[in-house]
Amino acid sequence: YRALARAAETALQDERTRAQLYLDISGAVIVVLDGDNRMTLVNRAGVELIGQEEPALLGLNFVETVLPESDRERIAAAIAMARNTGRSPI
């Protein structure tokens, strides 16, 4: 059982590493948020735009941390709409 669990964990870590590589190669900013708008993943382009390393960003509220105060309400509503309907108003 332990050998099977180790093999599964290794395979999962390999897939995570491969996915992160693809995300980092992309020139697009990719930020993944949880249900409370906390950042759970930020790719290299996002890190460069925001100006902080990913570990420092993870768990922080995207709307409150990254967006200018004047845009927060509008963007938070757009994120909620996209999450609830699958469509973006932007």
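These numbers come from the heavy atoms of this one structure, side chains and all, not from hydrogens, waters or symmetry mates. These figures come from a predicted structure and were not determined experimentally. All residue numbers refer to positions in the sequence shown, counting from 1.
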Closest non-hydrogen atom pair between [X] and [Y], with its separation:
X	Y	answer
Ala45	Ala28	CB-O, 3.5 Å
Leu57	Ile50	CD2-CG2, 3.8 Å
Asn43	Leu41	N-CD2, 4.1 Å
Val31	Met39	CG1-CG, 3.7 Å
Val47	Val42	N-CG1, 3.6 Å

Residue pair Asn37 / Arg83, side-chain heavy-atom distance below 4.5 Å: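 They are in contact (side-chain heavy atoms under 4.5 Å apart), so the answer is yes.
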
Flag side-chain contact, heavy atom, 4.5 Å: Val63 against Glu73: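 In short, these two side chains do not touch, never coming nearer than 4.5 Å.
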
Spell out, yes or no, whether [X] and [Y] are grouped together once hydrophobic residues are joined by side-chain heavy atoms under 4.5 Å, including indirect joins.
X	Y	value
Leu58	Ile79	no
Phe62	Val29	yes
Leu33	Met81	no

Arg44/Glu53 salt bridge by N-O under 4.0 Å criterion: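 Yes, this pair counts.
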
Pair Arg18 + Glu15, salt bridge at N-O below 4.0 Å: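 Salt bridge between Arg18 and Glu15, a charged N being under 4.0 Å from a carboxylate O: yes.
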
Whether over 12 other heavy atoms sit under 6.0 Å from Gln13 CD: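 Yes, the 6.0 Å shell around CD holds more than 12 heavy atoms from other groups.
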
Flag, side chain of Asp71 to backbone of Leu67, donor-acceptor distance under 3.5 Å: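 Between the backbone of Leu67 and the side chain of Asp71 there is no qualifying donor-acceptor contact (under 3.5 Å).
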
Counterpart residues, side-chain hydrogen bond (donor to acceptor under 3.5 Å, both in side chains), relative to Arg2 (two or more places apart):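 Scan of Arg2 (side-chain hydrogen bond (donor to acceptor under 3.5 Å, both in side chains), adjacent residues dropped) gives none.
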
With sequence neighbours excluded, residues passing side-chain hydrogen bond (donor to acceptor under 3.5 Å, both in side chains) with Asp14: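 Checked Asp14 against side-chain hydrogen bond (donor to acceptor under 3.5 Å, both in side chains); zero matches.
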
Check: Arg72/Asn61 side-chain N/O donor and acceptor closer than 3.5 Å: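 No, no side-chain donor-acceptor pair sits under 3.5 Å.
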
Inter-residue atom distance Leu60.CG - Thr40.OG1, 0.5 Å rounding: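 One gets 12.0 Å once the value is rounded to the nearest 0.5 Å.
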
